[in-house]
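These numbers come from a predicted model, not from an experiment.
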Amino acid sequence: MTQAPDLFSLATEVEQLLQRLGVPADSYANGPLRARSPISGDTIGAVATTSTAEATAAIGRAHAAYQQWRNVPAPRRGELVRLLGEELRTSKADLGRLVTLEAGKVPSEGAGEVQEMIDICDFAVGLSRQLYGLTIATERAEHRMMETWHPIGVVGVISAFNFPVAVWSWNAALALVCGDSVVWKPSEKTPLTALAVHAIAQRAIARFGSDAPQGLLELIVGERDIGEVLVDDHRVAVLSATGSTAMGRQVGPKLAARFARAILELGGNNAAIVAPSADLDLTLRGVAFAAMGTAGQRCTSLRRLFVHDSVYDAFVPKLAKVYASVRVGDPREAGTLVGPLIDRAAFEGMQRAIDESRAAGATVHGGERVEGIGGANGAEAFYVRPALVELTAHEGAVLRETFAPILYVVRYTDFAQAIEWHNAVGAGLSSSIFTLDMREAERFMSSAGSDCGIANVNIGPSGAEIGGAFGGEKETGGGREAGSDSWKAYMRRATNTINYSTTLPLAQGVTFDIEA
């Protein structure tokens, strides 16, 4: 058996990582914000915070930077993002390790998150030469009509603990090539990784040179009141906010009131359908990762599973066996697949949902706390056995997202009923179907099928690539980040008409003759 890592060395390792990553000691050593590791519950940093006045000043610097940066040619702006990608490649091992220690992800997921940052940089560099507008047919002779895309301003980013660095990069890489500046407010649960990314980004800026103005990338650290500064400041033209639907209900109206652009990445009560023709071995692997990866703490985690009656008895017992045997433990230990929940509140929320389902007659496999992990302070480290909850009806706790490794399983017989249940929740982020029936697959992806922003066939709902636009519908917020044409959210569109004739014809045949 692999020997567990020395938990008492965790804080020391974090400090060494921060030093190698170039983070100034005064930003993490003596501040009021306690950074803790979910691996052990230990404090791993005392982070300096930003006052509301300092946050306002940071936005001011970013606004001034935008006014200069927008005049830098887009391909030149792409060069900064290329350098950022290089710096991330150099720092991938250390930053990925820091993600593991602060967020509790297993090492492959920590490194994978940094790779996602590198990938979006590569995407954005190419995009810097492809910010295309259109030439539009005009009804007026000797006129030309076209559209032009311009930088929009300061982009605010409020990120969550579960992807502490990647979500910033989705926004920042695109915003930079589009000509915008960025102000980032990370989760107060994962401030150390943000400090590290900021240090990496400053090295890229230093290499880039004087074309990058001071204030181009700002970091503000604190609690909710600091995020509210970003929400309320009229100089923040675009706000990308990742969090709960409840958070979005508060942020959305405030942004709308000042006509700011919102990119909201909110809840995701994601589901999958297992059809009669499904490849059950492939389905088992797909469901296991989607439901248990990152300890069920992805916005795209699989939370509901509709299994056809003809395969239910063959598939669900196998899935229950996987749930009982998957290795839960310290993510630094080889072989661990399920690490800790982020904190006590997450654990208690999981237990409430399980208790509610059990009281309603559900059969619950797992869900209990796994003891003996976390070292001396293990009371504040929350490891749980993933829960598989067999329901007799699609009602109760299953209709609400619980940010923990709970998978609700419901038996179905009619495909139309499965789709109806699938769409019967508030969130609309990600979805999937496991089937070899082309008609079922196409129906699921049609306008009459999944109502989510992401709809997959024969893969789970989790694990999106940066080339596609990421986001969802309904209570998920409707925002899109990363690939495809998501860049348009970070720019403003101008329609231009140029008259190169000696006359002045009006559109739609309107006449307005005056005496000269």
Side-chain angles (χ1 to χ4, degrees), residues 244-246 248-249 266-276 278 283 287 290-292 296-313 315-317 319-320 323 346-368 384-434 440 443-444 448-455 460-462 472-477:
S244 67
T245 297
R249 292 190 197 282
L266 308 175
N269 196 356
N270 314 295
I273 297 172
V274 182
T283 303
V287 167
M292 293 187 283
Q297 297 173 118
R298 290 183 176 221
C299 52
T300 55
S301 289
L302 178 60
R303 312 215 179 273
R304 299 176 296 137
L305 188 67
F306 304 109
V307 183
H308 192 269
D309 181 69
S310 64
V311 295
Y312 190 101
D313 293 334
F315 179 75
V316 174
L319 186 59
Y323 265 65
F347 171 74
E348 291 175 348
M350 178 179 179
Q351 297 309 305
R352 286 193 298 271
I354 290 173
D355 290 345
E356 180 181 344
S357 297
R358 189 178 278 118
T363 300
V364 179
H365 309 270
E368 70 278 5
V384 293
R385 173 67 50 190
L388 188 68
V389 179
E390 296 185 72
L391 300 175
T392 56
H394 188 246
E395 59 187 21
V398 66
L399 300 179
R400 305 186 304 273
E401 180 187 34
T402 300
F403 217 62
I406 303 176
L407 179 60
Y408 299 98
V409 185
V410 182
R411 189 187 299 256
Y412 82 92
T413 55
D414 179 68
F415 188 59
Q417 178 69 81
I419 291 180
E420 181 180 339
W421 285 338
H422 178 283
N423 295 343
V425 296
L429 177 53
S430 192
S431 60
S432 65
I433 185 171
F434 292 90
E440 286 183 331
R443 183 176 172 188
F444 181 76
S450 168
D451 62 0
C452 294
I454 300 170
S462 191
E473 300 299 324
K474 302 190 300 185
E475 293 180 3
T476 299

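The shortest side-chain heavy-atom distance between Pro276 and Glu440 falls under the 4.5 Å cut-off. Residues Tyr408 and His394 fail the side-chain proximity criterion, which asks for heavy atoms closer than 4.5 Å. The side-chain heavy atoms of Met350 and Pro405, taken from C-beta on, include a pair separated by under 4.5 Å.
The structure places CG of Asn269 at 4.5 Å from CZ of Arg304, a figure rounded to the nearest 0.5 Å. Atom-to-atom distance recorded for Thr245:OG1 and Leu429:CG is 10.0 Å, nearest 0.5 angstrom. In this structure, CD in Glu420 is found 13.0 Å from CZ in Phe415, a value given to the nearest 0.5 Å. Between the CG atom in Asn423 and the OG atom in Ser450 there is a gap of 6.0 Å [rounded to 0.5 Å]. Of the inter-residue distances, the one linking Ser431 atom OG with Ile454 atom CD1 reads 8.0 Å to the nearest 0.5 angstrom. Atom-to-atom distance recorded for Phe403:CZ and Arg303:CZ is 6.0 Å, nearest 0.5 angstrom.
Panel note: side chain Arg443, backbone Ala448; no donor-acceptor pair is recorded below 3.5 Å. A distance-only check finds a donor-acceptor pair linking the side chain of Thr476 to the backbone of Gly267 [under 3.5 Å].
Nearest heavy atoms, Thr402 versus Gly349: CG2-O, 3.9 Å. Across all non-hydrogen atoms, the minimal contact from Ala278 to Thr283 is CB-OG1, 3.8 Å. Nearest heavy-atom pair, Leu399 versus Ala424, reported as atom, atom and distance to 0.1 Å: CD2-O, 4.1 Å. Here the closest non-hydrogen pair linking Ala418 and Ile273 is CB-CD1, 4.0 Å. Across all their heavy atoms, Ile419 and Gly449 have their closest contact at CG2-O, 4.0 Å. Residues Tyr323 and Ala387 share a closest heavy-atom pair of CE2-O, 3.5 Å.
Sorted by first and then second residue, the pairs that involve residues 404-419 and meet salt bridge (charged side-chain N to carboxylate O under 4.0 Å, His left out), not counting sequence neighbours, are Asp309-Arg411, Asp313-Arg411.
Ring geometry for His308 versus Tyr412: interplanar angle over 60°, hence perpendicular rather than tilted (30 to 60°).
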> Under the side chain to side chain contact (heavy atoms under 4.5 Å, CB included) criterion, do Cys452 and His422 qualify, and how do the steps go?
Replying inline: CA-CA 10 Å; Cys452 294; His422 178 283; 3.8 Å; yes
> Run the side chain to side chain contact (heavy atoms under 4.5 Å, CB included) check on Arg385 and His365 step by step: do they pass?
Replying inline: CA-CA 9 Å; Arg385 173 67 50 190; His365 309 270; over 6 Å; no
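Classification of Asp355 and Arg358 as a salt-bridged pair holds, one side-chain N sitting under 4.0 Å from a carboxylate O.
The side chain to side chain contact (heavy atoms under 4.5 Å, CB included) check on Ser462 picks up Phe289, Ala290, Arg298, Thr300, with sequence neighbours excluded. Scanning for side chain to side chain donor-acceptor pair (under 3.5 Å) contacts around Arg400 gives Glu356, with sequence neighbours left out.
Of the options Leu319, Leu305, Ile406, a side chain to side chain contact (heavy atoms under 4.5 Å, CB included) to Leu388 is made by Leu319 and by none of the others. Checking each of Leu302, Val409, Val307 against Val287 for a side chain to side chain contact (heavy atoms under 4.5 Å, CB included) leaves exactly one that passes, namely Leu302.
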